[in-house]
Structure formats: structure tokens, C-alpha cells
Asks: 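Structure below; questions to follow.
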Amino acid sequence: MNRKLAKNYCQILLRYGVNLQPGQKVRLSAPVAAAEFAELLCAEAYRYGAGDVQMNWHSPFCQAQRLQFAAPQTLREVADWEIAKCRNWLDENYAVITLVSCDEPYFTAVSSDSIAASQQARREALQFFSRAVMNSELQWLVASVATPAWAALLYPELESSAALAKLWEDIFHVSRVAAEQPLEHWQAHLDNLHRRRRSLNDLRIDSLRYRSVNGTDFVIGLPPTHIWQGGNEKSGRVVPFAANIPTEEVFTAPDFRRMDGVVYSTRPLIADNQHIEGIRLEFRAGKVVRATAEQGNDALQHLLEADEGVRFLGEVALVPKDSPIAEIPYSFMETLIDENASCHLALGAAYPTCIADGKTLNDDELRAAGLNRSQIHVDFMIGAPDLEITATTVDGRNIPVFRDGKWAEEFSAD
């Protein structure tokens, strides 16, 4: 790991990611295999002015062992102390940072039934915290870290230390931290995403049509008061933060009742540490009526059975094929990065911040406005090299937004 670039990465995560405020407490979750970087980030957070940094270490190996061998009833239990900790983070305005890697290799022997049971229990017990995250009531950030297992998965031809160094190099590249002036570079990047979303908002789009030679032919309706987001947003305490690093997307919430057609995935999806690939979804009146996957079909079906809302969409995101991540000719097998290489959709809950006054509405009011409600939010990638997206505006104009997988020339963010 290049220490100079690692420190740049820490600065980006603290300044443009979670936007740590003076004296603010931090909850930092990290895999034990990435301890070197997590310790560096902890030290940098204190230098940045953190009031306290509480570490939450986790081991995917131990998690997989539990799912495979623990008594079945325990998989449906969530400890009271876990729930209390989440409430404490909200009550005391913690900045919540989660460092992730691809853990899928550890879970190949674990049944999808065990994973589904555990995840469902956690979703139900911690639903209050998920809602706070979706409403941006706190500053939260998800960022990637290199681990030996992930590096071995992506670069099997390399010796372990070389593979780990290669993965760190790629993470630094896609996270835009290798520039001479990384903070200035990131501000310019955020400014560009903000211009793009303002231009989309000015169009007053009623619907989007997606077409590709892979078979995708899909129409998505948007709520009348939808708001395009991207770059960063403001927490409930009016602090700007970027929830994901890297971030290349401009996104909004669809009207969950207005989706028709067929859409195909274009990159593998790792959902609940299970590999799903070759997804085909058919929608009628907003709902998934047929779903198949060439690999991981059982995992896909479990996902779609989690609750009623997961068969509807909660997000539509636009990412051109010439993003820094898309230029790398392989999948990272981690949605945080892969979703920023490709246009994507999300099954499940919509972000209330994607419609006017959404934070002030209850669930019934959000549904009436067209926003899907669910305990799930799972992004899957649909961007193809030839993808065309055409917007139909509320006044009946048809405007190309994407051509050949990139922003259309006719569509300007300037």
C-alpha cells in the first residue's frame, strides 16, 4: 500500500466523504484483514479533529463459519447491544464510516437459506437505522479497502503481495486520489456532478426509455416532484457529505408503479455475499413478474422474497461507460465500485431525498408520491456499451440522454 496515496485517500474520505466535523464522534467499521489502512484512517480522523473513534472490527471468515455451523435459531437473533449501539450512533450524531471488500469467496459453502434468514432478521431489527440512513439523517460513508482474499479473486495470476498492491493501486485510481492535488480534483469532480444533476432537473422528465442490443427494452416513469442527486448531499444536521466513494453517478427515484419491459444485467452482482450473474427481469406496471439469473438464481429468488417492496425499483442511476472505473476491463465483484462503472437500477427502497420534501413524509405519503418502500436496497448494473436512454419530458419532448453508453452530445451538463 502506497502510504502517500493512502493518506490522500484518508483525506478524501474524511473531507469529501463523511465530512467529519470538529469534535464529532466516529464509528469506523473495517475488516480485520485491512487493519493497516483502518488504523491509518483512525489516526487521520483524530488529526482531523474527531472527538472519539470507535472501532468495529469484523471477520468475513467468522461470519461465514457462523452461518454455516451455528444453531439455526441463532441466525434469526440480533443482540440487544447491537440495536442499542445503532440507536446511540443516531442519538449522539456519529459519523458512520464503513470500509468494505469483496467477501464472497468465504461464503461459497454457505446455503442461501442461512444467509437469507440472517439478513432478514437484521433488516427487521435494524430497520430504524436503515431508515435514518435512507433519509440522510446522519453522515454516513461506504468506501472500499483492499484485502488479500479480494485481491486473490481479482488477480489469481499474481503472487499474493503483488495482487494486494495491484488492488490498492486500482482502488486509489477509481477513487480519484492519485491526482497531484486530490482535494482540488475532488471538488472539481463534485462540481461536475452537480452541474449534470441540475441539467437533468431542468428537463422535467416524465419517463426514461432504455434500449440495448442485449435485449433491454424498458420504460421507467419518474414522479412529478423527483430530484436528481449526485456528488454529495446534506445530512439532517445540514452537513454536506458523499455517502459513497468512489462516486460517478447521478441518480433519482423512479415512480415504482410505472415500469414496463425487460432489463438485463451487464455485470456480476454480489448480494449478501452471494454471486448472481446474467439477471433478466421483466416488469409489468412496476412489478417484477419474471426473474431469472444464469448464476445464483436461488440467491436472486431469495432476494425477491424478502418483502413485498423488493419486487419494485427504488433507484435509477446514470453512469457513462467512460468513467474511470468502466475503463478497467473487469468487474471488481463489489457493488460499491461496480455500480460506478455502469448505469444501474436498485430493487427495493427509494431514497426520500429524491423527491421534493421527501424527508417530511411518512411511508404512506411516500408511496402516494410514487416512492417504493422496502427493507431492501440492492443495486444491479445494466449499462451496456451501446445503451441508449431517451427522456420524454412532461411537455412531450423526446431528448436523448445516453447514446452508445455515454452522455448524448445533445444533452449538456454545462
Side-chain angles (χ1 to χ4, degrees), residues 188-233 247-266 281 283-286 312-323 325-326 339-346 350-351 353-356 358 369-372 379-414:
H189 175 52
L190 294 176
D191 290 344
N192 182 57
L193 290 174
H194 293 168
R195 286 194 296 271
R196 184 75 71 186
R197 75 188 199 186
R198 283 196 299 270
S199 296
L200 286 165
N201 284 326
D202 289 344
L203 282 181
R204 299 183 66 228
I205 298 170
D206 176 68
S207 64
L208 296 167
R209 182 174 185 181
Y210 291 68
R211 283 180 288 188
S212 169
V213 295
N214 67 12
T216 290
D217 193 348
F218 186 55
V219 176
I220 300 176
L222 303 184
T225 62
H226 73 272
I227 300 171
W228 288 92
Q229 303 274 16
N232 56 17
E233 57 186 290
T247 184
E248 302 289 332
E249 65 180 307
V250 179
F251 66 96
T252 193
D255 185 331
F256 76 97
R257 303 158 297 193
R258 298 176 56 211
M259 297 166 218
D260 289 281
V262 176
V263 64
Y264 288 80
S265 69
T266 53
L281 299 179
F283 290 80
R284 291 181 190 166
F312 298 84
L313 292 182
E315 180 184 335
V316 48
L318 305 179
V319 181
K321 69 179 182 183
D322 54 359
S323 79
I325 305 169
E339 72 172 6
N340 284 289
S342 167
C343 287
H344 54 273
L345 305 170
Y351 290 100
T353 55
C354 286
I355 62 169
L371 264 64
N372 192 31
D379 298 284
F380 64 100
M381 287 58 74
I382 63 165
D386 69 321
L387 181 64
E388 293 192 0
I389 303 175
T390 301
T392 298
T393 65
V394 294
D395 58 1
R397 293 174 295 150
N398 291 319
I399 299 175
V401 175
F402 263 53
R403 282 183 174 166
D404 291 325
K406 297 190 294 187
W407 294 104
E409 293 180 4
E410 296 89 340
F411 181 82
S412 172
D414 299 327

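We're numbering straight along the sequence, starting at 1. It should be emphasised that the depicted structure is a prediction, and the values quoted were computed from it without experimental measurement.
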Asks: Does K321 reach the main-chain N or O of D404 with its side chain, forming a donor-acceptor pair under 3.5 Å?
Replies: yes
Asks: For T392 and R209, what are the C-alpha separation, side-chain angles and deciding distance, and is it a side chain to side chain contact (heavy atoms under 4.5 Å, CB included)?
Replies: CA-CA 8 Å; T392 298; R209 182 174 185 181; over 6 Å; no
Asks: Using only atom types and a distance under 3.5 Å, with no angle test, would you say the side chain of S342 pairs donor to acceptor with the backbone of H344?
Replies: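 The answer is no, because no donor-acceptor pair under 3.5 Å joins these two groups.
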Asks: What heavy-atom pair brings A253 and A350 nearest, and what distance separates the two atoms?
Replies: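 Closest approach of A253 to A350: CB-CB, 3.9 Å.
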Asks: State whether D386 and R211 are salt-bridged, where the test is any N-O pair (Lys NZ or Arg NE/NH1/NH2 against Asp/Glu carboxylate O) under 4.0 Å.
Replies: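 Here D386 does not pair with R211 in a salt bridge, since their nearest N and O are not under 4.0 Å apart.
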Asks: Y210 and side-chain contact (heavy atoms from CB on, under 4.5 Å): which single residue from V263, I382, V219, T390 fits?
Replies: I382
Asks: L318 vs W407, test: side chain to side chain contact (heavy atoms under 4.5 Å, CB included). Steps then yes/no.
Replies: CA-CA 9 Å; L318 305 179; W407 294 104; 3.8 Å; yes
Asks: I'd like to know if R257 and D255 make a salt bridge, using a cut-off of under 4.0 Å between side-chain N and carboxylate O.
Replies: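 Yes, charged N to carboxylate O under 4.0 Å.
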Asks: Is it the case that the ring center of W228 lies less than 6.0 angstrom away from the ring center of F251?
Replies: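 So the answer is no for these two rings.
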Asks: Going by the rule side chain to side chain contact (heavy atoms under 4.5 Å, CB included), which residues pair with D202 if we only count those two or more places apart in sequence or in a different chain?
Replies: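 Testing D202 for side chain to side chain contact (heavy atoms under 4.5 Å, CB included), a comparison that skips the adjacent residues, returns none.
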Asks: Check whether N340 reaches the backbone of E248 with its side chain - one donor and one acceptor, N or O, closer than 3.5 Å.
Replies: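 Yes; judged by distance alone, with no hydrogens or angles, the pair exists.
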Asks: Going through the distances and angles, do L313 and N372 end up as a side chain to side chain contact (heavy atoms under 4.5 Å, CB included)?
Replies: CA-CA 7 Å; L313 292 182; N372 192 31; over 6 Å; no
Asks: Keeping the roles fixed (side chain from Q229, backbone from T353), state whether a donor-acceptor pair exists under 3.5 Å.
Replies: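 Checking the backbone N and O of T353 against the side chain of Q229, a donor-acceptor pair under 3.5 Å is found.
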Asks: Where do R258 and I220 land on the side chain to side chain contact (heavy atoms under 4.5 Å, CB included) test, with the steps shown first?
Replies: CA-CA 6 Å; R258 298 176 56 211; I220 300 176; over 6 Å; no
Asks: Without swapping roles, check the side chain of S212 against the backbone of T216 for a donor-acceptor pair under 3.5 Å.
Replies: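 No; zero donor-acceptor contacts below 3.5 Å.
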Asks: Please round to the nearest 0.5 Å and tell me the distance separating atom CG of L200 and atom OG1 of T252.
Replies: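 Nearest 0.5 Å value for the CG-OG1 distance: 9.0 Å.
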Asks: Distance-only, no hydrogens or angles: does the T247 side chain make a donor-acceptor pair with backbone N or O of G231 under 3.5 Å?
Replies: no
Asks: Could you pull out the closest heavy-atom pair between F402 and C343, with the gap in Å?
Replies: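 For F402 and C343, the tightest heavy-atom pair comes out as CE2-SG, 3.6 Å.
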Asks: Which heavy atom of A391 sits nearest a heavy atom of V401, and at what distance?
Replies: CB-CG2, 3.7 Å
Asks: Looking at every non-hydrogen atom in both residues, tell me the closest pair between I325 and A341 and how far apart they are.
Replies: CG2-CB, 3.4 Å
Asks: Test L222 against every option in I205, I355, V394 by the side-chain contact (heavy atoms from CB on, under 4.5 Å) rule and name the one that passes.
Replies: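 That would be I205; it is the only one of I205, I355, V394 passing the side-chain contact (heavy atoms from CB on, under 4.5 Å) with L222.
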Asks: Any chance you could measure M259, atom CE, to L281, atom CG, to the nearest 0.5 Å?
Replies: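 Between M259 CE and L281 CG, I get 11.5 Å after rounding to 0.5 Å.
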Asks: Is the number of heavy atoms from other residues, nucleotides or ligands under 6.0 Å of R204 CZ greater than 12?
Replies: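 Counting other residues, nucleotides and ligands, CZ of R204 stays at 12 neighbours or fewer.
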Asks: Of all heavy-atom pairs between P400 and A408, which one has the smallest distance, and what is that distance?
Replies: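 Closest approach of P400 to A408, heavy atoms only: O-CB, 3.5 Å.
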